Amino acid sequence: MTLPETASSTNFIRSIIDEDLKSGKHKTVVTRFPPEPNGYLHIGHAKSICLNFGLARDYNGRCHLRFDDTNPTKEEQEYVDTIQESVRWLGFDWGEDRYYASDYFEQLYRWAVALIKKGKAYVDDLTADEIREHRGTLTESGRESPYRNRPLEDNLDLFHRMRAGEFSDGSRVLRAKIDMASPNMNLRDPVMYRILHATHPHTGAAWCVYPMYDYAHGQSDSIEGITHSICTLEFEDHRPLYEWFLDQLGIYRPQQIEFARLNLTYTVMSKRKLLELVQQGYVSGWDDPRMPTLVGMRRRGFTPEAIRTFCERIGIGKNDSWIDMGVLEDCLRHDLNERAPRVMGVLRPLRVVIDNYPQNQTEEFDAPNHPNKPEMGSRKIPFSPVIYIEQDDFSEDPPKGYFRLTPGGEVRLRYAYIIKCVGVVKDEQSGKIVEVRCTYDPQSRGGSAADGRKIKGTIHWVSAPHSIEAEVRLYDRLFTLLNPGSDKGGADWKSGLNPNSSETLKSCRLEPGLADAAPERRYQFERQGYFCLDTVDSSPGIPVFNRSVTLRDSWVKNQ
RNA sequence: UGGGGCGUCGCCAAGCGGUAAGGCACUGGAUUUUGAUUCCAGCAUUCCCAGGUUCGAUCCCUGGCGCCCCAGCCA
């Protein structure tokens, strides 16, 4: 796999790998991205994907895609499919190395039997509530289950019958026999298997006992020969257990390394919360352009390159961090500024009639597709005596420093003519300006005055009769709160939802060439931002454009 | 008051005993037919605090303080 990224910045994980390679502990690097197919991937997953696949790429190793599908009650094939699509879209390739933890169920079962025979696991008949009561608290040690020391043969028989389907869900579990007094809660005889009479998306009805994450993950890593098993900080406490199973089994032990998960300001990242937004209709779906999901960001107009740059920029560490949404937005601008062709589109049209322009005349101007990249070519844009400009680009009573169109003032129509405002037409009832009358300077074709006078303002426009109609959706941050997800379990987190995160503009007028806009193509609407065709709601007659991100604007910032 | 982590600029983040990289943000200024882009300049005498070791400490030691995670038959 070859990607254009510049040399990755260093981080503590690369240091560990460098040492392992240097010391000869490992000859190659094998990482893995292990999503559970129970939801859509989001920008937080992208951080992990870029890390794991990026390491494999840079060290000439491999990165496995492994579905961590040990809980059939939450997982679905649909998620397996979209996860794969998102990883590919991001630009990564797992080659032949796609695995399912569920492919290891038989091996895992045999290992469990081995642990029972070793006296390191037992079947517990306690209920879930009883197990919780026995576990103790953070400051008090737990109590042993009365079933903890049942005869080895009984454990073997019971576990076999659990698999055979003789018992109901929740009636028994297999537990590791470790230490009920451990200060690490994870070591207080953790559950290894639970009974779940459920159909599994990958193994169907083959099983009714399913391994827990802790019992499955390390062994899966071991089977696949993972060298560095990278996960997020909350699993740090699980590492002793990860290592305990592997050591008891006497099998190869990969190194688990933990890093801080991504937090982004003005949004939420947990699958639970995202699911809630979808199910309760706060957004239109997982792919709503405001969602931090990969499918949502794609629909919004993000490029894989921008997301990869973002993941590179934010770095990898162990500090709990909140990355400013502005960093993500800047990464998109950075990418799109380079590659997006420029076009003109008027979002809130104001009709302008040019009085001294021959009323039946039409002409065309040549407009470069990118001001700094002549190699991107140019296009013809039609001009006529009736055009539309942005309502914001005309002001009867301009604020200080305003240099767009004003009564009696001049402004340049980009790539066309210099015009001068000679009057306004208002609606008699509302007093609202419905039309601006102008004259044009015939000597300014292309936009430069023949007498060399300087025109400070340049605005975009479209020819009224030639323009096409479109719907444009302006998106803003989903939340007004900096850290909406930081209240943990609270039910209150949705109070920070931004009521204006989406604004739909009908009757926008775009230059005619946009009639051919294709999905996945991004454009810069000059002076306004980057937009892309909405793949879901566009219809042949009325295209719908999503604003991916605005342009920087030092004017509004100073207002 | 158990255990595990983390504390370097507003937000991220390098640094690994030799005198504080970089990015974003921000502030100036230049160029500009996008108030965009680009460019140039500025932006931590200081690394949570207090002691100690050392010629020298953000890096080592000790003690504080602050924040995060763990009591699912979720991952």
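In what follows, every chain begins at residue 1, and chains take the letters A, B, ... in the order their sequences are listed. Everything quoted here is computed from the prediction, not taken from an experiment.
- Residue contacts for A:Pro34: at a heavy-atom cut-off of 4.0 Å it reaches no nucleic acid atom on any strand shown.
- Closest contact between the side chain of A:Ala128 and the listed nucleotides B:rC73, B:rG5, B:rG3 involves B:rC73.
- Look at the P atom in both B:rC9 and B:rC47: the space between them is 10 Å, to the nearest Å.
- The distance from atom CG of A:Leu233 to atom P of B:rG4 is 15 Å, rounded to the nearest whole Å.
- B:rG15 and B:rG7 are spaced 15 Å apart, taking the C1' atom of each and rounding to whole Å.
- A search for side-chain contact (heavy atoms from CB on, under 4.5 Å) contacts involving A:Val209 returns A:Met162, A:Arg163, A:Tyr193, A:Ile195, A:Trp207, not counting sequence neighbours.
- Residue A:Leu126 is classed as a base contact, given a heavy-atom separation below 4.0 Å to a base.
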All N/O pairs under 3.5 Å across the protein-nucleotides 24-26 of chain B interface:
residue: B:rA25; atom: OP1; partner: A:Arg552; partner atom: NE; Å: 3.3
residue: B:rA25; atom: OP1; partner: A:Arg552; partner atom: NH2; Å: 2.8
residue: B:rA25; atom: OP2; partner: A:Arg552; partner atom: NH2; Å: 3.4
residue: B:rC26; atom: OP1; partner: A:Lys557; partner atom: NZ; Å: 3.2

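- Distance check on atom P: B:rU1 versus B:rC67 gives 13 Å, rounded to whole Å.
- Within residues 67-77 of chain A, the residues approaching RNA chain B are A:Asp68, A:Thr70, A:Asn71, A:Lys74, by heavy-atom distance under 4.0 Å.
- In this structure, A:Phe259 reaches neither bases nor backbone, as no heavy-atom distance under 4.0 Å exists between it and the strands shown.
- Distances from the side chain of A:Ser321 to the nucleotides B:rG5, B:rA13, B:rG35 place B:rA13 closest.
- Surrounding NZ of A:Lys373 are more than 12 heavy atoms belonging to other residues, nucleotides or ligands, all under 6.0 Å away.
- Rounded to the nearest 0.5 Å, atoms OH (A:Tyr210) and CG (A:Asn71) are 9.5 Å apart.
- Base pairing analysis places B:rC60 opposite B:rG52; the two distances defining the Watson-Crick or G-U wobble pair are each below 3.5 Å.
- Protein atom CG of A:Asn186 is 10 Å distant from nucleotide atom C1' of B:rG3, rounded to whole Å.
- Remark: B:rC6 base-pairs with B:rG66. Criterion, Watson-Crick or G-U wobble with two distances under 3.5 Å.
- At least one donor-acceptor pair under 3.5 Å links the side chain of A:Ser444 to the backbone N or O of A:Asp441.
- For the pair A:Asp189 CG and B:rG72 P, the computed distance is 15 Å after rounding to whole Å.
- Base-pair partner of B:rA41: B:rU27 (Watson-Crick or G-U wobble, both distances under 3.5 Å).
- Note on A:Phe403: a base of the nucleic acid sits closer than 4.0 angstrom, heavy atoms only.
- For A:Phe67, the ring pair (Phe, Tyr, Trp, His ring centres under 6.0 Å) partners are A:Tyr100, not counting sequence neighbours.
- Remark: A:Asn319 pairs with no residue by the side chain to side chain donor-acceptor pair (under 3.5 Å) rule, at least two apart or across chains.
- If you take CD1 of A:Ile316 and C1' of B:rG22, they are 16 Å apart, rounded to a whole angstrom.
- Using modelled atom types and a 3.5 Å distance limit, the side chains of A:Tyr242 and A:Gln219 yield no donor-acceptor pair.
- When heavy atoms are screened at a 4.0 angstrom cut-off, A:His238 is found touching base atoms of the nucleic acid.
- Rounded to whole Å, the separation between the P atoms of B:rA20 and B:rA44 comes to 12 Å.
- The side chain of A:Thr139 approaches B:rU1 more closely than any other nucleotide in the set B:rU1, B:rC73, B:rG3.
- Using a 4.0 Å heavy-atom distance criterion, A:Asn319 is classed as a sugar-phosphate-only contact.
- Donor-acceptor pairing under 3.5 Å is recorded for the side chains of A:Ser102 and A:Asp69.
- A:Leu138 comes within 4.0 angstrom of a nucleotide base, judged by non-hydrogen atoms across all strands.
- A side-chain hydrogen bond (donor to acceptor under 3.5 Å, both in side chains) with A:Glu390 is found for one member of A:Arg527, A:Arg348, A:His460, A:Arg404 and no other, namely A:His460.
- Counting only N and O atoms by type, the side chains of A:Asp103 and A:His202 include a donor and acceptor under 3.5 Å apart.
- In this structure, A:Phe235 reaches the bases: a heavy-atom distance under 4.0 Å links it to at least one base atom across the strands shown.
- The side chain of A:Val173 has B:rC73 as its nearest neighbour among B:rC73, B:rA14, B:rC12.
- With RNA chain B read from its 5' end, the first of the two nearest nucleotides for A:Gly315 and A:Gly401 is the one closest to A:Gly315.
- Judged by distance alone, the side chains of A:Arg32 and A:Ser229 do bring a donor and an acceptor atom under 3.5 Å apart.
- Separation of the C1' atoms belonging to B:rG10 and B:rG4 is 30 Å when rounded to the nearest angstrom.
- Counting any heavy atom pair closer than 4.0 Å across all strands shown, A:Asn11 reaches sugar-phosphate atoms only and no base atom.
- Taking the ring pair (Phe, Tyr, Trp, His ring centres under 6.0 Å) definition, one finds that A:Tyr523 meets it with nothing, sequence neighbours left out.
- Residue whose closest nucleotide on RNA chain B sits further toward the 5' end, between A:Phe12 and A:Asp237: A:Asp237.
- One can place CD of A:Glu526 at 13 Å from P of B:rA36, the figure rounded to the nearest angstrom.
- Distances shown here put a side-chain N or O of A:Arg194 below 4.0 Å from the OP1 or OP2 atom of B:rA75.
- Contact annotation for A:Arg404: base contact, defined as any heavy-atom pair under 4.0 Å involving a base atom.
- A:Thr137 comes within 4.0 angstrom of a nucleotide base, judged by non-hydrogen atoms across all strands.
- Remark: the separation of the P atoms in B:rG52 and B:rU45 is 23 Å, to the nearest Å.
- Here A:Tyr213 does not count as stacked on B:rA75, because the ring centres are not under 5.5 angstrom apart with planes under 30°.
- At a threshold of 4.0 angstrom between heavy atoms, the contacts of A:Gln524 include nucleobase atoms, whether or not backbone atoms are also involved.
- Residue A:Val191 is classed as a sugar-phosphate contact, given heavy-atom separations below 4.0 Å to backbone atoms only.
- Taking atom C1' in both B:rG23 and B:rC68, one finds a spacing of 25 Å when rounded to whole Å.
- Rounded to a whole Å, the CD1 atom of A:Ile178 is 16 Å from the P atom of B:rA71.
- No close placement of the A:Phe479 and A:Tyr266 rings is indicated, their centers lying 6.0 Å or farther apart.
- Checking B:rA75 for Watson-Crick or G-U wobble geometry (two distances, each under 3.5 Å) identifies no partner in any strand.
- Between the P atoms of B:rU46 and B:rU53, the separation comes to 23 Å (whole Å).
- Between A:Lys318 atom NZ and B:rC12 atom P the separation is 17 Å, expressed in whole Å.
- Using a 4.0 Å heavy-atom distance criterion, A:Thr127 is classed as a base contact.
- Nearest approach of A:Phe302 to A:Arg522, heavy atoms of both residues: O-NH2, 2.7 Å.
- If you take CG of A:Leu482 and P of B:rC12, they are 10 Å apart, rounded to a whole angstrom.
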